[in-house]
Amino acid sequence: QVQLQESGPGLVKPSETLSLTCTVSGASISPYYWSWIRQPPGKGLEWIGFIYARGNTNYNPSFGSRLSMSIDTSKNHFSLKLTSVTAADTAVYYCARHQTTGRWLQWDYWGQGILVTVSS
Amino acid sequence: ATQMTQSPPSLSASVGDRVTITCRASQDISNDLGWYQHKPGKAPMLLIYAASSLQSGVPSRFSGSGSGTDFTLTISSLQPEDFATYYCLQDYNYPWTFGQGTKVEIK
């Protein structure tokens with residue numbers, strides 16, 4: 001059974017860096033695509049970006065240069081870093097896997113999410 | 001960015017009801033659309049991908065249709081475990097975007 005587990009600090013101070021890791025168990029991190037998604041309190045879901053097992057990335061432009069992702073195939077995990085956070089970055093952060101079926105994507109496994117609060 | 005307009009934002013329905021949720025894309029997204037069920041504190045769950053393909057293990061009362069800009073998720077006979085929030089997601093144009101969600105509540 002494939003499982004994804006987000007981990008990281010639940011509280012980050014404004015202007016600092018939010019760092020999260022998603023650890024994958026039950027499957028190799030290769031050769032899939034891995035996304036981060038977030039949900040601010042009381043709002044809908046927002047796609048943050050994805051990373052491929054080979055390290056290729058695609059980010060939501062709304063995050064500008066604040067965002068970076070990395071992947072460590074030896075540890076079967078991937079990570080998110082978001083710099084210069086503000087209260088608007090307070091959200092539940094999810095990681096998810098998507099695999100290709102033909103030319104379509106199946107977002108077939110998701111983590112349960114981690115609440116990150118930005119506050120001093 | 002492609003805007004996904006999902007409706008209704010919420011609905012009340014009874015067990016056994018037929019429920020329909022729609023998503024409209026601001027531009028053509030072919031059939032690159034998925035539907036997800038989300039319960040509080042749980043991981044979102046894929047129901048439908050490629051607009052109309054049922055994900056393995058998902059009950060057949062869920063179905064999807066549409067292409068281009070207009071899409072529909074139908075639950076043919078609502079069950080108690082179906083009360084949740086449902087989202088559409090387009091992964092055709094970057095940035096990928098979600099609908100605002102439809103909360104299905106018990107009448």
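Worth knowing before you read on, the calculation uses all heavy atoms, side chains too, and leaves out hydrogens, waters and symmetry mates. Labels below follow one simple rule: chain letters A, B, ... track the order of the sequence lines, proteins then strands, and each chain is numbered from 1.
Heavy atoms from other residues, nucleotides or ligands lying under 6.0 Å from CZ of Arg24(B) number 12 at most. Residue Lys39(B) places its NZ atom among more than 12 non-hydrogen atoms of other residues, nucleotides or ligands, all under 6.0 Å distant.
If you measure heavy-atom distances from Ser62(A) to chain B, you find no contacts under 4.5 Å at all. The part of Trp104(A) that comes within reach of chain B is its side chain, from C-beta onward, which places non-hydrogen atoms under 4.5 angstrom from that chain. Only the side chain of Ile37(A) comes within less than 4.5 Å of a heavy atom of chain B; its backbone N, CA, C and O stay farther away. Looking at Phe50(A), the atoms closer than 4.5 Å to chain B (heavy atoms on both sides) all sit in the side chain, from C-beta outward. Only the side chain of Asn58(A) comes within contact range of chain B, with heavy atoms under 4.5 Å apart. Residue contact with chain A, scored on non-hydrogen atoms closer than 4.5 Å, is absent for Ile48(B). In this structure, chain B has no heavy atom under 4.5 Å from any part of Glu6(A).
Tyr87(B) and Leu54(B) fall into different hydrophobic clusters, where Ile, Leu, Val, Met, Phe, Trp and Tyr side chains are chained together by heavy-atom contacts under 4.5 Å. Under the 4.5 Å side-chain heavy-atom criterion for Ile, Leu, Val, Met, Phe, Trp and Tyr, Tyr93(A) and Tyr33(A) are members of distinct hydrophobic clusters. Side-chain heavy atoms closer than 4.5 Å link hydrophobic residues (I, L, V, M, F, W, Y) into clusters, and following such links, possibly through other members, connects Leu18(A) to Phe78(A). The cluster map of Ile, Leu, Val, Met, Phe, Trp and Tyr, joined by side-chain heavy atoms under 4.5 Å apart, puts Tyr109(A) and Trp35(B) in different clusters. Phe63(A) is connected to Val85(A) through a chain of hydrophobic side-chain contacts under 4.5 Å among Ile, Leu, Val, Met, Phe, Trp and Tyr, so both are in one cluster.
Evaluation of the side-chain contact (heavy atoms from CB on, under 4.5 Å) rule for Val104(B) yields Leu11(B), Ile21(B), Leu78(B), Phe83(B), Tyr86(B), Thr102(B) as partners, not counting sequence neighbours. Residues meeting the side-chain hydrogen bond (donor to acceptor under 3.5 Å, both in side chains) test with Thr85(B), sequence neighbours left out: none.
For the pair His38(B) and Trp110(A), the minimum side-chain heavy-atom distance is 4.5 Å or more.
Considering all non-hydrogen atoms of both residues, Gly111(A) and Pro44(B) come closest at O-CD, 4.2 Å.
Atom CG of Leu105(A) and atom CG of Asp32(B) lie 7.5 Å apart (nearest 0.5 Å). With values rounded to the nearest 0.5 angstrom, Gln99(A) atom CD is found 8.5 Å from Tyr49(B) atom OH. Here the CZ-OG distance, from Arg103(A) to Ser30(B), works out to 4.0 Å after rounding to the nearest 0.5 Å. Between atom CH2 of residue Trp107(A) and atom CD of residue Gln55(B) there is a gap of 13.5 Å, rounded to the nearest 0.5 Å.
In terms of heavy-atom pairs under 4.5 Å with chain A, the best-connected choice from Trp96(B), Tyr36(B), Tyr92(B) is Trp96(B).
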